[in-house]
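Single-structure report; data block below.
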Amino acid sequence: MAEARREHFGGRLAIIMAMAGSAIGLGNIWRFPYLAGEHGGAAFIFVYIIASIFLSMPIFLAEAIIGRRSHANTYGAMEKLAPGTKWKWLSILTILAPLIIVSYYSVVGGWSIEYLVKSLAFSFNSTPKEEITSMFAGFISQPWMPIVCHTAFLGTCAVILTAGVKSGIEKFSNWSVPILFVLILIILVYSLTLPGAMEGVEYMIKPDFSKIDSEVILAAMGQSFYSLSLGVGTILVYSSYVSKNENLLVSGFGTAIFDLMFALMAGFAVMTAVFSAGVKPGAGPGLIFESLPFVFATMAESAPVVSGVISILFFVTILVSALTSGVSLMEVGVAYLVEEKKMRRGVATFTVFAGTWTLGCLCSLSFGPMNEFRIFGNSLFEFCDWISSNFLMAIGAMLFSLFVGWKMKKSDVYDEFTNGGTLRFNVRCFKAVYFLVRYIAPLVIGIIFLSGLLL
Ligand code: TRP
């Protein structure tokens, strides 16, 4: 049986580290600060936290329950738990979606390699400030360099994956996640001491509730799913490597807390720096690549060495966090090919690499030579981000919660969530969690999704 060959994570901490490694990534450092900046700061964060508790946590648990119950990849899980039904289609969605995400994700990962190299060369200190923001547009529109960086990023993920679950994913996350926290803490402490930093803090903690509209809710919900890696089978596959005696609620809660803490720390670090340099918070996706180098250049006027060191630390943090997430996105496809198509792990990894590399190159070129090619008015990069984050993830999240809430037997869900009734706290929470998974999550996602489509 394939079951006998399956690897398991080494223990509770290893599980949380691996899941946190998947969760913590560009979503926290790149996406969260710019979305918060575009959608009114504290008001967005408020909705984000509510959505994380009442929607994302239950969906996380639903995915984890499917994964651990089946101990299989997304396709195998559906075949085991709902043999011969149409639920198989869900697995196809969940194999394709993470591969689409990782294709453009690795392009951004590649940008962070380039920016790390730039900060190692202390280029933000030597470039005139006016040229810093245009430097980014100039870089991403080139045909070759961004593709070289994208290849380096994706290649590194592939090397980690080839090593396997325990000696690749687990080992890498075990040392990288704690380091990430130390790095972001250093950056945060430094940015809080910048002149004018308090304005940034205020922007992040004083909510203006009148700013909350359906667009803010949609963005905050989407970000909460994105950040916790929900809806496309990543958590399902990682949970399939969790052994039967672990507590899923603890893993889920631990991951969510780490992820939230990291997003808030990164958000404060970026916003205080941005406000301190007098840059606008609503700069969009270019926020950390355009505005932050500008901030580093401003800091360099008075403290060039400190600014140089902080910029290096910052881009190392982005790169390492993106790698652990890239690995988790690719693992969904790798697990499928290994278990269902009986490929060797190395071959499976290479196959996933080849496919995502090709799509990623096209995404990268869509900032330059292929910019004319539009899908519904979007460049290929924008289209991949849009279709995966706003569409596929929401559908996936809804279907996972419907599967656990309506398709699986309640007694099986109970059994998995409470380890056969042995976890007293989980037994007490079961009713509430089941209610959220069965009714609230699919309903709320459905309503918000439809209103987003219709608006
Ligand atoms: N959560 C990661 C981040 O914040 C990205 C990620 C990993 C992801 N796996 C995912 C996003 C699955 C969506 C779905 O950067």
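All ligand and atom numbering here is 1-based and tracks the order in the structure.
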Subject >> Heavy atoms from other residues, nucleotides or ligands near CZ of R344 exceed 12 (cutoff 6.0 Å) >> reply: no
**OP:** Keeping the roles fixed (side chain from W406, backbone from R438), state whether a donor-acceptor pair exists under 3.5 Å.
**Re:** yes
Atom pairs and distances, ligand 1 N/O vs protein N/O under 3.5 Å:
residue: ligand 1; atom: 1 (N); partner: S22; partner atom: O; Å: 3.3
residue: ligand 1; atom: 1 (N); partner: A23; partner atom: O; Å: 3.1
residue: ligand 1; atom: 1 (N); partner: Y226; partner atom: O; Å: 2.8
residue: ligand 1; atom: 1 (N); partner: S227; partner atom: O; Å: 3.1
residue: ligand 1; atom: 1 (N); partner: S229; partner atom: OG; Å: 3.0
residue: ligand 1; atom: 4 (O); partner: A23; partner atom: O; Å: 2.8
residue: ligand 1; atom: 4 (O); partner: G27; partner atom: N; Å: 3.3
residue: ligand 1; atom: 4 (O); partner: N28; partner atom: OD1; Å: 3.3
residue: ligand 1; atom: 9 (N); partner: S229; partner atom: OG; Å: 3.2
residue: ligand 1; atom: 15 (O); partner: L26; partner atom: N; Å: 3.1
residue: ligand 1; atom: 15 (O); partner: G27; partner atom: N; Å: 2.7
residue: ligand 1; atom: 15 (O); partner: Y105; partner atom: OH; Å: 2.5

**OP:** May I ask you to decide if the ring planes of F172 and W175 are parallel, tilted or perpendicular, using 30° and 60° as cut-offs?
**Re:** perpendicular
Subject >> Heavy atoms of other groups near F46 CZ, more than 12 under 6.0 Å >> reply: no
**OP:** Report the relative orientation of the aromatic rings in W111 and F136; use parallel for angles under 30°, tilted for 30 to 60°, perpendicular for over 60°.
**Re:** perpendicular
Original post:
Is it true that atom NZ of K88 has more than 12 heavy atoms of other residues, nucleotides or ligands lying nearer than 6.0 Å?
Top reply: yes
